Structures are given as C-alpha cells and as structure tokens.
Protein chains: 2
Amino acid sequence: MEKNDPITITLTDRLFDTLQRAIVEGEIPSGSKISEPELARQHGVSRGSLREAIGRLEARKLVERKPNLGARVVTLSYEQLIEIYQVREALEGMAARLAAQNMSDKEIGELQLLLDQHGQQIEELHGQAYFQKQGDLDFHYRIVQGSKNHHLIGLLCNDLYHLLRMYRFQFGMRSKRSSQAFDEHHYLLNAISSRDPEMAELLMRQHIRSSRRNVERMLLEN
Amino acid sequence: MEKNDPITITLTDRLFDTLQRAIVEGEIPSGSKISEPELARQHGVSRGSLREAIGRLEARKLVERKPNLGARVVTLSYEQLIEIYQVREALEGMAARLAAQNMSDKEIGELQLLLDQHGQQIEELHGQAYFQKQGDLDFHYRIVQGSKNHHLIGLLCNDLYHLLRMYRFQFGMRSKRSSQAFDEHHYLLNAISSRDPEMAELLMRQHIRSSRRNVERMLLEN
DNA sequence: TTCCAATAAAGTGTCGACAATTTTAAAATA
DNA sequence: TATTTTAAAATTGTCGACACTTTATTGGAA
C-alpha cells in the first residue's frame with residue numbers, strides 16, 4: 001500500500017509561493033531591494049523563515065544576493081531574455097525528442113484534444129492574445145512532462161518557467177502570431193504522433209527560435 | 001574606478017562548500033539521512049546556518065528534503081544518470097554551438113594549447129585514466145564558458161557539474177576510452193576554430209552520447 | 001560651500017530557545 | 001506472544017535577540 005506523505009505545507013513554502021508570485025507579476029518591482037525586516041513584518045513572519053524563502057528565490061534566479069548587502073529582485077534585460085530562449089531551445093528541443101519516444105498514446109490523444117480546443121478558441125476570439133498567454137504554455141508544459149525525464153521537467157517547469165513568465169508579464173509580451181504558433185504546434189504534434197524524435201526536436205527548436213525572433217523584433221521597436 | 005565588492009565569505013558559504021564536497025566524495029553516504037543537530041555540532045555552527053546550507057544543497061539536487069522528515073542525501077541511480085546525460089547533451093550541445101560563435105580567437109588558441117598538453121600526457125601515461133577525470137572536465141568547462149551565456153554556464157558549471165562529479169566518484173567511472181575522447185575533442189575544436197556552430201553542436205552531442213553509451217555498457221556489467 | 005571624519009541608525013549574519021511534529025520506547029490489552 | 005495505546009525522547013519548524021557590517025547623518029576643517 002502506498003504511504004501517502006502527508007502534504008504538510010511549511011510556512012516557508014507558503015511564503016516562497018507568495019513572494020514568487022509577487023515578483024513574477026511585478027508587485028515587487030524588478031531591480032528593487034528586499035528589506036528583510038520590512039518584508040518579515042508585512043507577512044507576519046520571522047526573519048529566519050523569510051531568509052529561507054529568499055534562498056529558494058535565489059536558486060530560481062528571481063533574486064540576487066550579495067553578502068552583507070542583501071537581496072535584490074533580478075533586473076530584467078534584453079540580453080538575459082535572449083539567453084533564456086537559447087537555453088529553452090536546447091532543453092525543450094530535447095524534451096520534444098524524448099516525448100516522441102516516451103509519451104503514451106493516451107497522452108498524445110489528450111494533447112491532440114487540447115490543440116483542437118485551441119483551434120476553436122482562435123477562431124472564436126479571432127486570434128486574440130489568449131493563445132500566447134495560456135494555451136502556448138499548456139502545450140509546452142505537456143510535452144515537457146511527456147519527456148518523462150524528471151531532471152528536464154524540473155529545470156523547465158520549476159526553474160525557467162517562472163523567469164519566463166516574469167518577462168511575459170512585465171514586458172507585456174502577448175504577440176499576434178497566435179495562428180502561426182498554432183500551426184507550428186500542429187506540425188510538432190504530428191511528429192510526436194509519428195514517433196519521429198529527430199523531427200520533433202527540429203520542429204520544437206524552430207518553433208522556439210521563431211518566437212525568440214519575434215521577441216527580438218518587438219523589443220527593437222521600443 | 002571599479003568598486004571591487006569585498007568578497008566576504010559567509011559562514012553558510014563555507015559550510016555549503018564543505019558539505020557539497022563531503023557529499024560528492026561519498027563521505028556522507030548517498031541515501032543517508034542528515035541530522036541537523038548532529039551536523040551542526042560537528043561543524044560547530046548553529047542549526048540556522050546549517051539549514052540555509054542544506055537549502056542550497058537541495059537546489060543543486062544533492063539532497064532531498066521533506067517537511068518534518070528532514071533531508072537525505074540524494075540516492076544515485078542508473079535511471080537518473082541517464083537523465084543527466086540527456087540534459088547534458090542538450091545543454092552542452094548548445095554551448096558548443098554558441099562557443100563557435102562567441103569564443104575569442106585568444107580563447108580558442110588557449111584551448112588548442114590545453115588539448116596539445118592532453119595529447120602529450122596521454123602518450124606519456126599510455127592512455128591512463130587522468131584524461132577522463134580532469135582533462136575531460138577542463139575541456140568541457142572551457143567550452144561552456146566560451147558560450148558566453150551566463151544562464152547556460154550557471155546551469156552546467158554550478159548545478160549539473162557537481163551531481164555528475166558525484167556519480168564519477170561513487171560509481172568509479174574512469175574509462176579507458178581516453179584516446180577516443182581525445183580525438184573527439186580534437187574534431188570539436190576544429191569545428192569551433194572554423195566558426196561552424198552547426199558542426200560544433202553536432203560533434204559535442206555525439207561526444208556526450210558516446211560517453212553515455214560507454215557508461216551504459218559499464219553499468220550493465222555490474 | 002565642499003569635503004572628509006566620526007557617529008548614529010539600519011540591515012544582515014548568526015545564535016540559542018521554544019513550539020509542533022515525528023520517531024522511539026514502554027505499557028497495556030487481546 | 002503479538003498488537004495496539006500511551007508516554008517519552010528526539011528532530012524539525014519557527015521565533016526573537018545579539019554581533020558585526022553597511023549605510024545614513026551629523027559636525028567640523030579646509
């Protein structure tokens with residue numbers, strides 16, 4: 001019989017989630033200094049617990065810490081965003097390759113269903129921003145899970161995901177290439193259905209590269 | 001004028017380094033439970049500082065923590081090692097691609113020099129294990145640095161590196177394919193010298209894949 | 001006034017203690 | 001004896017306090 005670990009949520013856990021959300025959504029501004037006494041007071045918690053939470057945020061590259069100087073929310077930059085896309089291209093490319101090998105037929109079927117829903121929503125909303133914001137993430141998320149590589153899953157869904165979300169939030173990155181992205185998702189799913197790892201990786205990498213170029217264009221306009 | 005941040009080493013920093021080394025080298029056995037009071041006493045430090053250090057070890061996947069149950073040193077497994085190699089293939093492949101674009105001529109020259117030294121040592125030692133253990137790491141390390149992608153560098157040199165070193169240590173993974181690996185390094189450096197990103201990535205991925213297969217063979221013998 | 005030194009205020013690093021939970025040991029019941 | 005209950009011990013989570021470092025403020029000299 002499985003011994004279900006009692007999912008106790010520690011104070012530090014909750015604090016970490018709260019702060020992560022606040023940082024990602026810009027509530028605590030990018031680049032701002034974090035005052036331990038003040039934050040601890042605001043959340044009605046001791047500095048010790050807060051420091052543990054900050055440690056985790058640091059591990060996820062959401063804050064940077066210097067000894068005796070304290071922690072600052074990471075400063076968003078064009079250069080770092082490009083770096084993140086390069087890492088994503090490598091990791092998600094591998095994820096797609098592995099997903100083509102390891103996803104179950106059932107999972108592939110469900111992904112197909114999800115994509116159909118996206119198609120409908122695009123028609124209805126006439127290519128609105130919904131897709132980029134949630135649908136795109138859902139799709140990628142499932143493929144990463146389908147890789148069945150826990151290390152890869154952790155890297156993408158825990159570490160990179162939130163940083164990327166932070167950029168999306170604060171740089172206002174909804175794009176109008178939703179229908180193009182939809183097509184790309186479609187081709188990619190075909191490759192996975194055909195159990196073609198090589199092609200799946202290729203298409204995923206192209207997909208991410210084109211979305212990087214899209215971001216590059218957008219940022220150059222500002 | 002540059003304001004050199006005073007490189008103050010905090011207690012937690014030192015503790016973290018010490019524990020990391022102890023875990024990587026098997027001094028604290030894989031899978032064993034970590035007792036906070038005991039470890040704190042042994043190192044003459046408070047539990048608070050120790051807990052921060054453990055938190056960092058957790059972020060590097062060297063220990064696993066469960067609320068109210070404490071931390072355990074990660075359990076090494078064949079499956080996880082394969083996962084790590086897959087992640088490495090993706091990330092270092094991208095690193096090689098970027099290195100072919102971004103390494104300076106000077107850096108490439110120095111890398112060439114390093115490789116020449118390795119060649120000599122292999123002749124002298126008649127293909128001894130030195131290469132795999134240190135030389136191989138040096139070479140890969142420099143290429144990762146050459147990518148100039150800080151995110152990538154952090155992921156590989158901070159996170160993955162120590163886990164991999166732990167496996168090398170505890171699984172006794174010196175192989176006798178040092179001369180083959182040397183040749184592969186040579187081809188790879190040629191691709192980088194020629195500023196051929198595509199080829200550099202391809203060769204790096206093959207190199208890592210073949211070293212993964214080598215590990216697979218070795219482990220199947222046990 | 002402007003610059004520098006001395007001092008005060010605030011912030012971070014580290015510690016020991018208490019509260020809550022888990023594990024171990026002992027006692028009691030079947 | 002085996003199994004469940006109860007109590008004790010140990011361990012983790014959380015807190016408040018103190019020491020040391022950095023930053024802000026004040027006061028004086030050029």
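Chain letters run A, B, ... following the sequence lines, proteins first and then strands; every chain starts at 1. Here the structure is a predicted model, which is why all the values come from computation and not from measurement. All values below were derived from every heavy atom in this structure, side-chain atoms included, with hydrogens, water molecules and symmetry-related copies excluded.
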Step-by-step side-chain contact (heavy atoms from CB on, under 4.5 Å) determination, B:L76 to B:Q170 | CA-CA 9 Å; B:L76 304 186; B:Q170 306 199 18; 3.8 Å; yes
Nearest whole angstrom, please: distance from the P of C:dT12 to the CD of A:E38.
-> 10 Å
Taken to the nearest whole Å, CD1/A:I54 to P/C:dG11 is 13 Å
For A:R56, salt bridge (charged side-chain N to carboxylate O under 4.0 Å, His left out) partners two or more places apart = A:D13
Could you run through nucleotides 12-18 of chain D and give me one letter per nucleotide, 5' to 3': B if any protein heavy atom sits under 4.0 Å from the base, S if only the sugar-phosphate is that close, - if neither?
-> BBBB-B-
Can you list the residues that meet the side chain to side chain donor-acceptor pair (under 3.5 Å) rule with A:K148, with sequence neighbours excluded?
-> A:E107
Spacing of CD1 belonging to B:I84 relative to CD belonging to B:E79, to within rounding of 0.5 Å = 11.5 Å
Using modelled atom types only, decide if a donor and an acceptor are shared between the side chain of A:E89 and the backbone of A:R205 within a distance under 3.5 Å.
-> no
